[in-house]
Amino acid sequence: MNAPAIVASVLGADYSRLAGEVRDLQSAGVDRIQWDVMDGHFVPNMTFGAAVVGACRPHVDLPFEAHLMVEDPDPVLADFVSAGCNTVIVHVEACPHLHRTLSMIKGMGARAGVAVNPSTSLDFVAHVLDQLDHILVMTVNPGFGGQEYIAAMEDKVAEAREIADRSERPVQVEVDGGISADTAAAPWRAGADLLVVGSAILDHPDGKGVATEEIRQVLTEAGTAS
Ligand SMILES: O=C(CO)[C@@H](O)[C@H](O)COP(=O)(O)O
Ligand SMILES: [Co+2]
């Protein structure tokens with residue numbers, strides 16, 4: 001199994017120096033940046049809009065993905081694609097017309113992803129698979145960083161992997177929430193291609209580079225051990 005990509009969530013970054021933070025994350029060796037966009041309605045927190053993402057776009061070469069924790073996101077999809085996100089992930093719980101929303105993202109030339117909260121089943125995925133590039137399994141309840149990883153989601157990660165492998169088109173499986181050197185191996189073994197990591201990298205006492213390398217080392221050891 002290939003080692004998963006490490007996706008850095010900037011939710012817990014220093015917002016007074018965001019461009020510097022994404023540059024540091026690029027130097028630390030992460031593979032992608034995830035922008036956790038929160039509207040204060042779908043989740044009880046508010047963060048940044050497309051203008052902030054666009055301001056940081058020129059500072060790094062890393063792919064950007066938008067994790068839209070936004071009620072009925074259709075009106076803002078194009079803003080995040082224009083801001084430089086090549087993947088736009090919406091929540092099934094926030095989209096009255098998910099198939100149309102995903103096809104809109106595809107129509108804009110971006111990769112279309114759907115995120116599912118811990119209590120949400122994957123039963124709907126079969127009906128949107130023709131529009132789907134990405135399944136994001138939340139391993140925390142969305143809205144905040146620094147929460148505890150929900151190990152019970154590993155069965156859902158494995159189910160998402162089975163669905164992705166049945167698809168005629170390549171579909172990536174990503175997990176998001178509470179991922180650290182201590183928790184990274186299990187969701188990867190369950191079938192995740194990408195691991196979103198926020199506080200375990202941003203708050204590591206020895207810095208973002210050491211934190212990222214620690215996670216990669218754990219995954220290497222897990223890969224050789226399996
Ligand atoms: O989408 C979310 C939270 O809603 C995640 O992207 C978290 O922001 C990841 O942060 P950690 O759980 O890794 O600290
Ligand atoms: Co996220």
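Because the structure is predicted, anything quoted here is derived from the model rather than measured. Every number for a ligand or one of its atoms is a count from 1 in the order of the listing.
The side-chain heavy atoms of Pro73 and Phe42, taken from C-beta on, include no pair separated by under 4.5 Å. You'll find the side chain of Ile179 stays beyond 4.5 Å of the side chain of Val196, heavy atoms only. Residues Arg17 and Asp24 are in side-chain contact: their nearest non-hydrogen atoms beyond the backbone lie under 4.5 Å apart. Using a 4.5 Å cut-off on side-chain heavy atoms (C-beta onward), Val76 and Val37 make no contact.
Distances from the Co ion (ligand 2) to each N, O or S atom of Asp36 single out OD1 as the nearest. Within Asp176, OD2 is the N, O or S atom that lies nearest to the Co ion (ligand 2). Closest approach between the Co ion (ligand 2) and any N/O/S atom of His67 involves ND1.
Side-chain contact check for Ser9 and Asp36: at least one donor-acceptor pair (N or O, by modelled atom type) lies under 3.5 Å.
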**side-chain hydrogen bond (donor to acceptor under 3.5 Å, both in side chains) assessment of Ser119 paired with Asn117** = CA-CA 6 Å; Ser119 61; Asn117 288 335; over 6 Å; no

**Prompt:** Leu136 and Gln34: side chain to side chain contact (heavy atoms under 4.5 Å, CB included), yes or no, with the steps?
**Reply:** CA-CA 12 Å; Leu136 177 63; Gln34 185 187 85; 4.2 Å; yes

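Not a single salt bridge (Lys or Arg N to Asp or Glu O under 4.0 Å) links Glu214 to another residue, sequence neighbours left out.
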Expected rows: ligand 1 N/O, protein N/O, dist below 3.5 Å:
from	atom 1	to	atom 2	distance (Å)
ligand 1	1 (O)	Asp36	OD1	2.9
ligand 1	1 (O)	His67	ND1	3.1
ligand 1	1 (O)	Asp176	OD2	3.3
ligand 1	4 (O)	Gly143	N	2.8
ligand 1	6 (O)	Gln34	OE1	3.0
ligand 1	6 (O)	Asp36	OD1	3.1
ligand 1	6 (O)	Asp36	OD2	2.8
ligand 1	6 (O)	Asp176	OD1	2.7
ligand 1	6 (O)	Asp176	OD2	3.1
ligand 1	8 (O)	Ser9	OG	3.3
ligand 1	8 (O)	Asp36	OD2	3.2
ligand 1	12 (O)	Gly178	N	2.8
ligand 1	13 (O)	Gly198	N	2.8
ligand 1	14 (O)	Gly146	N	2.8
ligand 1	14 (O)	Ser199	N	3.0
ligand 1	14 (O)	Ser199	OG	2.5

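In summary, Met138 places no N/O/S atom under 2.8 Å from the Co ion (ligand 2), failing the contact criterion.
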